[in-house]
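Contents: one structure, followed by commentary.
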Protein chains: 2
Amino acid sequence: MIKRMKSLPLCHPQWSDPMTILKAPLAGGSPLLTRLSRLTRLDDMAVEALQTAARDVRRSPPRRELISEGEPIRERYALLAGWACRQRILSDGRRQILSFLLPGDLIGVCQHSNPLAATTIIAISELVTCPAPVADPGSALAEAYARSAALEERYMLAHITRLGRFDARERLADWLLETQQRLATTGLSVADQFPLPLTQEMLADALGLTSVHVNRTLQAMRRDGLLILRQGMAFLPDRDQLEKLVEYKPARVSAGGENYATP
Amino acid sequence: MIKRMKSLPLCHPQWSDPMTILKAPLAGGSPLLTRLSRLTRLDDMAVEALQTAARDVRRSPPRRELISEGEPIRERYALLAGWACRQRILSDGRRQILSFLLPGDLIGVCQHSNPLAATTIIAISELVTCPAPVADPGSALAEAYARSAALEERYMLAHITRLGRFDARERLADWLLETQQRLATTGLSVADQFPLPLTQEMLADALGLTSVHVNRTLQAMRRDGLLILRQGMAFLPDRDQLEKLVEYKPARVSAGGENYATP
DNA sequence: CGATCGTTTGACAAGGGTCAAAATGCGTGG
DNA sequence: CCACGCATTTTGACCCTTGTCAAACGATCG
């Protein structure tokens with residue numbers, strides 16, 4: 001296997017404009033609150049804490065390294081707007097993107113003391129973050145965090161299956177469905193349409209392919225009416241077909257209630 | 001991609017004998033206690049709880065499904081002896097093994113209420129399990145569980161990188177190193193030698209390859225003096241070489257102390 | 001001693017990688 | 001407003017790693 005060693009592209013050009021990023025997610029409350037309240041019933045205290053936290057926003061430019069692999073984790077953020085990713089880079093330049101972080105996701109929240117970062121996290125587009133409120137053991141917020149962590153585990157397991165047993169087209173289909181669904185949870189995707197601020201090379205690094213092959217596969221999918229890409233937006237015209245292709249099932253984390261109404 | 005549909009082999013023949021499985025791990029205390037006490041300093045209460053739990057052992061035959069994907073998780077076990085795996089099977093028969101569970105590992109321990117199993121878990125060899133003691137929030141045991149969960153996340157992330165960016169030889173090398181190290185933590189590997197109760201097909205299903213290709217790659221590695229396999233035991237004669245091949249770094253989860261002495 | 005399961009081999013096919021160059025799009029500075 | 005520079009997408013030709021299919025071989029077990 002020949003190795004490559006070159007600069008790593010990060011952000012889709014269309015998405016350098018923070019305005020574009022901000023307007024959708026912040027309308028109608030923080031995406032963090034939205035997402036967590038779909039995972040469990042939040043009480044007033046939790047909602048209060050989340051709303052307070054969401055007032056203390058910070059911005060990070062694209063390419064900024066939020067957390068570095070192996071370093072102690074100091075702060076816990078929530079992502080309010082923009083995309084980030086967890087990645088690992090090998091010494092010969094190969095890169096694996098382990099997961100994408102979307103608005104509403106938590107960063108650096110974990111249960112044990114003196115945690116070290118498992119992976120580097122970098123901003124893909126311009127980000128808006130806020131501190132993640134601390135959750136007392138037993139609180140509704142703690143339950144929400146735990147379910148959020150469980151969901152993250154599902155995504156990792158799904159990713160392992162994608163990389164281990166899916167071919168290129170299946171990987172893309174499955175990833176698109178999952179991503180669309182995650183975005184829909186915070187209102188960032190409507191009618192199977194959603195922003196996709198990634199280069200094909202990033203997609204390749206996430207899906208264990210080369211950018212050339214991602215390109216060809218995307219073209220084939222467009223030809224087959226499975227996908228439309230325009231100006232950094234994706235649209236899935238034939239969701240059924242895609243779902244059939246990969247036996248897609250949305251991730252569920254706990255029995256009984258999920259999908260609680262936003263308070 | 002042509003699909004396959006056939007019976008799924010589970011256990012290496014050499015390992016049907018429970019005696020073989022039992023003698024090593026149970027010598028010198030439960031592997032669960034050993035492993036957790038290397039993750040954090042356990043207090044007397046935790047040690048007590050773990051020792052009590054370890055008296056209530058249960059056995060499961062190979063191929064038994066311990067937990068089924070999507071079902072509510074009722075019990076929390078610790079694995080005391082034998083190997084199990086988490087797996088996902090696609091409707092066309094393709095299988096992905098998501099991770100292996102080794103002696104000392106926890107099964108079904110999670111933080112939120114009404115959890116649903118993320119994956120099916122099945123016994124590879126005959127198993128010995130015990131109930132996992134409940135951890136009060138803030139206790140040393142809770143800290144140990146949290147660190148254990150964090151470690152599990154590392155393994156998943158490493159697996160994603162393996163599948164996404166490593167070729168066949170690298171995947172095997174990396175997986176062998178990781179597995180050897182995990183076993184060494186509970187004293188199940190000494191001098192780079194360890195039991196490997198897997199068929200090449202299981203290895204293939206874990207590493208995203210076919211059994212034919214695993215076979216050929218293993219042969220090449222043996223020729224190159226990287227690996228010796230005999231009767232279900234593996235030996236790594238040239239650890240340095242293997243580590244260089246994949247830039248292997250053991251997983252670390254928290255700053256300051258790990259590797260606490262067993263009390 | 002078949003039956004079964006796992007390993008090994010061979011011949012061949014194909015999905016995906018590599019390399020290189022052209023085409024496209026976009027932001028910047030003149 | 002245009003031209004230039006840079007990043008990204010697209011294309012083509014070629015090759016290699018890995019998958020597929022099939023059969024032989026070896027062990028283990030009733």
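What you are looking at is a predicted structure, and each value in this text was computed from that prediction instead of being measured. Lettering of chains follows the sequences in order, A, B, ..., and the numbering in each one begins at 1.
Note on A:Q231: every side-chain N or O is 4.0 Å or more away from OP1 and OP2 of C:dG25. Contact annotation: A:Q219 side-chain N/O to D:dT11 OP1/OP2 distance is under 4.0 Å.
Applying the side chain to side chain contact (heavy atoms under 4.5 Å, CB included) rule to A:E75 yields the partners A:R58, A:Y77; only residues at least two apart in sequence or on another chain are considered. Listed by chain and number, the residues in a side chain to side chain contact (heavy atoms under 4.5 Å, CB included) with A:R216 are A:V212 (sequence neighbours excluded). Partners of A:R154 by side-chain hydrogen bond (donor to acceptor under 3.5 Å, both in side chains), not counting sequence neighbours: none found. Shown here are the side-chain hydrogen bond (donor to acceptor under 3.5 Å, both in side chains) partners of B:E243, two or more places apart in sequence or in another chain: B:R239. In this structure, the side chain to side chain contact (heavy atoms under 4.5 Å, CB included) partners of A:R223, at least two apart in sequence or on a different chain, are A:Q219, A:A220. With sequence neighbours excluded, the residues satisfying side chain to side chain contact (heavy atoms under 4.5 Å, CB included) with A:L157 are A:E153, B:R86, B:R88, B:L98, B:A118, B:T119, B:M156. Legend: residues meeting salt bridge (Lys or Arg N to Asp or Glu O under 4.0 Å) with A:D224, ordered by chain and number and at least two apart, are A:R169. A:R162 meets the salt bridge (Lys or Arg N to Asp or Glu O under 4.0 Å) test with A:D174, A:E178; sequence neighbours excluded.
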Apply salt bridge (Lys or Arg N to Asp or Glu O under 4.0 Å) to the pair B:E69 and A:K249, showing each step before the final yes or no. CA-CA 12 Å; B:E69 180 174 346; A:K249 286 174 215 137; 5.2 Å; no

With side-chain contact (heavy atoms from CB on, under 4.5 Å) as the test, would you mind laying out the steps for B:L151 and B:R35 before giving the verdict? CA-CA 11 Å; B:L151 250 192; B:R35 197 173 72 85; 4.2 Å; yes

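Candidate nucleotides C:dG16, C:dT9, D:dG19 were compared by shortest atom distance to the side chain of B:N215, and C:dT9 ranks first. Comparing atom distances between the B:T210 side chain and each of D:dT9, D:dT20, C:dT7 picks out D:dT20 as nearest.
Note: CZ (B:R165) to P (D:dT17) measures 17 Å, nearest angstrom. Between the P atom of C:dA13 and the NE2 atom of B:H213 lies a distance of 19 Å, rounded to the nearest Å. Atom CG of A:L207 is separated from atom P of C:dG17 by 11 Å (rounded to the nearest Å). Protein atom CZ of A:R169 is 15 Å distant from nucleotide atom C1' of C:dG16, rounded to whole Å. Rounded to whole angstrom, the span from the CZ atom of A:R94 across to the P atom of C:dG17 amounts to 12 Å. Note: CG (A:L172) to P (C:dG15) measures 16 Å, nearest angstrom. Rounded to an integer number of Å, the gap from CZ of A:R63 to C1' of D:dA7 is 9 Å. Going from atom CD of A:E201 over to atom C1' of D:dT8 covers 9 Å, rounded to whole Å.
For DNA chain C, the neighbouring residues in residues 221-229 of chain B, judged by any heavy atom under 4.0 Å, are B:R222.
Direction change of the helix axis from one end of the helix from C:dC1-D:dG30 to C:dG30-D:dC1 to the other is 40°, with five pairs defining each end axis (rounded to 10°).
For residues 175-212 of chain B, the ring pair (Phe, Tyr, Trp, His ring centres under 6.0 Å) pairs, not counting sequence neighbours, are B:F100-B:W175.
When every heavy atom of A:A78 is checked against every heavy atom of A:L106, the shortest pair comes out as CB-CD2, 4.2 Å.
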Give me, pair by pair, the N or O atoms of the protein and of nucleotides 13-15 of chain D that are less than 3.5 Å apart, along with how far apart they are.
| residue | atom | partner | partner atom | Å |
| --- | --- | --- | --- | --- |
| D:dA13 | N6 | A:R216 | NH2 | 3.1 |

